[in-house]
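Structure, as structure tokens:
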Amino acid sequence: MSIETPLANHFIRQLIREDRARGLHNGRVATRFPPEPNGYLHLGHAKSICLNFGMAAENDGVCHLRFDDTNPVKEDLEYIEAIQADVRWLGFDWDRLLHASDYFEVFYLCAEKLIRKGLAYVCDLSADEVREYRGTLTSPGRDSPFRDRSITENLGLFRRMRAGEYADGTRTLRAKIDMASPNINLRDPALYRIRKVPHQNTGDAWCIYPMYDYAHCISDAVEGITHSLCTLEFEDHRPLYDWCLDHLDLVNDASLTAPLRAKGLHMSVSRPQQTEFARGNLDYTVMSKRKLIALVQDAIVDGWDDPRMPTLIGARRRGFPPAAIRNFWERLGYSKQVATIEYSVLEGCVREVLDAQAPRRMGVIDPLRLVITNLPAGHDETLTFANHPKDESFGTREVAFAPVLWIEREDFMEVPVKGFHRLQPGGEVRLRGVGIVRCESLVKDDAGKVVEVRCTLDPDTRAGLPGADRKVKGTIHWVSARHAVAAQVRLYGRLFNVPDPDEDEGGKTYRDHLNPDSKRIVQAWLEASLAQAAPEERFQFERLGYFVADRLDHGDGRVVFNRTVTLRDSYGKQK
RNA sequence: UGGGGGAUCGUUCAACGGUAGGACAACGGACUCUGACUCCGUUUAUCUAGGUUCGAAUCCUAGUCCCCCAGCCA
């Protein structure tokens with residue numbers, strides 16, 4: 001059974017096919033996923049990952065994983081490992097693993113080339129002064145007083161910047177473009193800044209570090225990237241992307257990439273094209289790096305891998321299959337419309353994959369005692385259950401059955417509402433795989449709460465017998481009280497209780513919209529075999545939902561499951 | 001107010017001058033030893049106003065609304 005989704009005919013897929021068809025880059029396709037190693041990957045990143053790796057794969061191309069590590073003060077080694085693990089978990093593998101810092105020498109050579117062409121200058125303005133000179137959205141900026149330094153002076157100054165002769169923040173290298181441009185990105189943007197901090201990859205070899213716009217386009221070119229796919233907010237950076245590459249002409253200037261060949265890094269240089277698509281947002285969640293970090297740091301969640309987090313590591317711990325996330329983004333397609341996708345679409349993808357792939361089990365998360373009175377107290381029986389209702393390849397399993405069972409409390413109603421199909425006083429229900437029982441009496445505690453339902457089992461309706469075909473309205477799941485294994489089960493709901501927690505309205509912030517009931521921990525009774533489940537193994541607990549053995553806490557005698565998602569519930573929804 | 005983008009069912013993505021279609025959601029039904037799955041059916045959309053055309057979601061004009069941009073972040 002295939003769980004892959006049909007391919008959407010989105011504009012980037014079309015563009016790449018057309019480019020190939022007309023022989024651009026000799027039909028070669030190369031993409032890259034360029035995370036900054038300063039946070040964990042989330043579902044939004046997955047959209048970009050699926051696109052970049054997907055486009056490469058379906059066009060016989062390559063895709064690089066490139067760490068965009070141009071700012072040493074923000075990065076952390078912890079993230080480098082995590083990002084690789086997340087990309088692999090999602091189901092992708094890179095053709096090359098690279099760092100922007102691999103190209104620091106190239107960036108430097110390129111900067112000298114721009115200076116020599118009179119297209120870059122060293123500016124002594126402070127950060128505040130630069131801001132002041134930049135102008136505003138509606139008024140043009142003014143030229144820096146250092147804009148007309150000679151090439152020789154600029155070269156000398158820039159070399160001394162590199163040599164560490166100036167303090168942090170005292171000078172920058174700037175592109176000489178147009179301070180009156182209506183596009184602010186073109187008002188002599190900074191190319192290099194001084195940061196006397198060691199870099200996790202290059203140590204203290206450098207004290208000047210390139211800016212994103214400058215480094216990114218060169219990195220793309222140097223790696224032979226053909227299609228540089230990024231999100232919408234970079235749309236008005238594209239003129240700068242093009243400006244740098246056009247003036248640098250890396251394709252025809254081998255001297256610029258000589259340092260790479262000297263290091264043994266051989267890649268074909270290209271003139272890449274940037275194309276932007278809309279990032280993907282989900283309702284009832286926040287996706288910004290800042291807010292995610294805050295949730296972790298303020299212990300609102302239990303860490304980056306909290307199953308309620310939209311991080312990939314969180315989704316993994318929640319039990320989401322990677323194929324579901326891939327299908328999700330492929331099914332939505334890629335466009336330039338800013339969109340917030342309903343969470344139910346993701347859940348639908350998760351259920352679809354899990355329905356096909358998750359073996360079935362029984363478990364009771366809110367137990368009520370049910371005693372079958374017409375069976376000897378010592379009755380002990382082993383029943384055989386199919387592990388999947390539609391796929392025989394899942395095989396069968398043995399389930400212990402005895403007269404004292406746990407059933408779900410909500411499967412019994414002393415005073416049933418209209419349309420209730422399950423157990424009620426004097427009523428009948430089928431015990432899954434057993435037969436039909438009739439509720440004969442109740443046992444209540446002092447407070448009047450039902451603590452036990454006493455039933456008789458109709459022997460003619462036992463599974464396998466002709467009488468088993470007798471119709472009853474409801475079928476409920478159960479576990480044998482004597483055989484079941486105790487488990488901790490974590491029930492997760494959405495983290496926020498409004499569709500757009502980012503909407504800061506009426507003085508409220510996302511923190512005012514936290515769902516206090518997003519995590520519930522219960523003690524459950526499960527089929528004994530579940531104690532042997534491997535961490536991260538996924539199951540459907542019949543009639544309850546999909547559950548995953550916690551990848552960290554389950555095992556060594558502890559039985560710990562996380563609820564990934566409930567089953568669709570057309571009954572619960574009616575009420 | 002400058003620049004860059006975007007407006008199609010509730011949500012999202014198609015339709016590339018020729019019948020507005022899919023997915024999810026919702027609703028109704030069939031099936032069912034999971035109120036699941038599956039199957040069938042139904043409801044609902046081209047931002048507005050003009051224009052071009054035999055024919056416009058698509059082209060033109062004028063509006064309206066939404067998003068992004070004033071880091072030595074990415």
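Throughout, a chain's letter reflects where its sequence line sits, starting with A, and its residues are numbered from 1.
- Looking at heavy-atom distances under 4.0 Å, A/Gly419 makes contact with a base.
- Heavy-atom contacts from other residues, nucleotides or ligands closer than 6.0 Å to CZ of A/Arg409 number more than 12.
- The side chain of A/Leu137 lies closest to B/rC69, out of B/rA74, B/rG3, B/rC69.
- Nucleic acid contact for A/Arg422: base, since at least one base atom lies under 4.0 Å from a heavy atom of the residue.
- Here A/Tyr212 does not count as stacked on B/rA74, because the ring centres are not under 5.5 angstrom apart with planes under 30°.
- Comparing atom distances between the A/Ile341 side chain and each of B/rC69, B/rC13, B/rU12 picks out B/rU12 as nearest.
- Between B/rC13, B/rG4, B/rG35, one nucleotide has an atom nearer to the side chain of A/Arg543 than all others, and that is B/rG35.
- Taking side-chain N and O atoms only, A/Gln337 has no distance below 4.0 Å to OP1 or OP2 of B/rU11.
- Distance A/Arg279 CZ to B/rG5 P: 18 Å, rounded to the nearest Å.
- The side chain of A/Arg134 has B/rC72 as its nearest neighbour among B/rA74, B/rG35, B/rC72.
- For A/Tyr334 and B/rG5, the OH to C1' distance is 20 Å, given to the nearest whole Å.
- Residue A/Arg432 places none of its side-chain N or O atoms closer than 4.0 Å to OP1 or OP2 of B/rG35.
- For the residue pair A/Ser393 / A/Asp391, a side-chain donor-acceptor distance below 3.5 Å is found, with atom types taken as modelled.
- With rounding to the nearest 0.5 angstrom, the CD1 atom of A/Ile365 is 7.5 Å from the CD atom of A/Glu410.
- Of the charged side-chain nitrogens involved, none lies within less than 4.0 Å of a carboxylate oxygen, so that A/Asp569 and A/Arg543 do not count as a salt-bridged pair.
- Within residues 461-474 of chain A, the residues that have a heavy atom under 4.0 Å from RNA chain B are, in order of number, A/Ala463, A/Lys471.
- Per the geometry, CG belonging to A/Leu186 stands 18 Å off P belonging to B/rG2, to the nearest Å.
- Stacking between A/His421 and B/rG35 is shown: the ring centroid lies under 5.5 Å from the centre of the six-membered base ring, and the planes differ by under 30°.
- Residue contacts for A/Leu354: at a heavy-atom cut-off of 4.0 Å it reaches no nucleic acid atom on any strand shown.
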Steps toward salt bridge (Lys or Arg N to Asp or Glu O under 4.0 Å) verdict (A/Asp102, A/Arg66): CA-CA 10 Å; A/Asp102 294 335; A/Arg66 178 168 77 226; over 6 Å; no
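- Contacts of residues 162-171 of chain A with RNA chain B (heavy atom under 4.0 Å): A/Gly169.
- Where pairing requires Watson-Crick or G-U contacts shorter than 3.5 Å, the helical stems of RNA chain B with at least three consecutive pairs are B:2-7 with B:64-69, B:10-13 with B:21-24, B:26-30 with B:38-42, B:47-51 with B:59-63.
- Residue contacts for A/Met211: at a heavy-atom cut-off of 4.0 Å it reaches the sugar-phosphate backbone alone, with no base atom in range.
- The glycosidic torsion of B/rG71 lies within 90° of 0, placing the base in the syn range.
- Per the geometry, CG belonging to A/Leu457 stands 14 Å off C1' belonging to B/rC33, to the nearest Å.
- Using a 4.0 Å heavy-atom cutoff across all strands shown, A/Gln540 reaches at least one base atom of the nucleic acid.
- No hydrogens or angles considered: a donor-acceptor pair under 3.5 Å links the side chains of A/Glu223 and A/His64.
- A donor and an acceptor atom, one from each side chain of A/Asp220 and A/Tyr241, are located under 3.5 Å apart.
- No engagement by A/Pro35 is indicated, since no non-hydrogen atom pair under 4.0 Å with the nucleic acid exists.
- Here A/Phe277 lies out of heavy-atom contact (under 4.0 Å) with every strand.
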Sugar-phosphate or base contact per nucleotide [nucleotides 41-46 of chain B; S, B, -; heavy atom under 4.0 Å]: ------
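- Remark: A/Ser139 is not in phosphate contact with B/rU1, judged by side-chain N or O atoms under 4.0 Å from OP1 or OP2.
- Inspection of the A/Gln274 and A/Glu276 side chains reveals an N or O donor paired with an N or O acceptor under 3.5 Å.
- We find that A/Glu58 and A/Arg17 are joined by a salt bridge, their nearest charged nitrogen and carboxylate oxygen being less than 4.0 Å apart.
- With rounding to whole Å, A/Arg187 atom CZ is found 13 Å from B/rG4 atom C1'.
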Reading 5' to 3' through nucleotides 15-24 of chain B, protein heavy-atom contacts under 4.0 Å coded B for base, S for sugar-phosphate only, - for none: SB------SS
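- Remark: A/Ala111 engages A/Phe158, A/Leu173, A/Tyr192, A/Tyr214 in a side-chain contact (heavy atoms from CB on, under 4.5 Å) (not counting sequence neighbours).
- At the phosphate of B/rA74, OP1 or OP2 sits under 4.0 Å from a side-chain N or O atom of A/Thr70.
- The side chain of A/Arg193 contributes an N or O atom lying less than 4.0 Å from OP1 or OP2 of B/rA74.
- Ion pairing between a basic and an acidic side chain is recognised when a charged N comes within 4.0 Å of a carboxylate O; A/Arg422 and A/Glu408 show no such pairing.
- Across the protein-nucleic acid pair, A/Lys289 atom NZ and B/rC73 atom P stand 14 Å apart, rounded to whole Å.
- Among the atoms of the strands shown, base atoms are found under 4.0 Å from some heavy atom of A/Ala127.
- Atom CD1 of A/Ile476 is separated from atom P of B/rG35 by 10 Å (rounded to the nearest Å).
- A donor and an acceptor atom never sit less than 3.5 Å apart when one is taken from the side chain of A/Arg238 and the other from the base of B/rG4.
- Under a 4.0 Å N-O distance rule, the pair A/Arg13/A/Glu330 qualifies as a salt bridge.
- Contact of A/Asp236 with B/rG3 (side chain to base): a donor-acceptor pair of N or O atoms is detected under 3.5 Å.
- Residue-level contact check: A/His237 touches the bases, meaning some heavy atom is under 4.0 Å from a base atom.
- Checking A/His99 against A/Asp69 by side-chain atom types alone, no donor-acceptor pair falls below 3.5 Å.
- Within 4.0 Å (heavy atoms only), A/Arg131 reaches sugar-phosphate atoms of the nucleic acid but no base atom.
- Here, B/rA70 and B/rC47 have their C1' atoms 30 Å apart, quoted to the whole Å.
- Atoms OG1 and CG, from A/Thr170 and A/Asp124 in turn, are 7.5 Å apart once rounded to the nearest 0.5 Å.
- Among the heavy atoms of the strands lying under 4.0 Å from A/Ser335 are primed sugar atoms or P, OP1, OP2 only; no base atom is included.
- Proximity note for A/Thr138 (side chain, C-beta onward) versus B/rA70, B/rU1, B/rG5: the nearest is B/rU1.
- Separating the C1' atom of B/rU43 from that of B/rU48 is a span of 26 Å, rounded to the nearest Å.
- A distance of about 10 Å separates the P atoms of B/rA25 and B/rU38, rounded to the whole Å.
- Rounded to an integer number of Å, the gap from A/Met179 CE to B/rG3 P is 18 Å.
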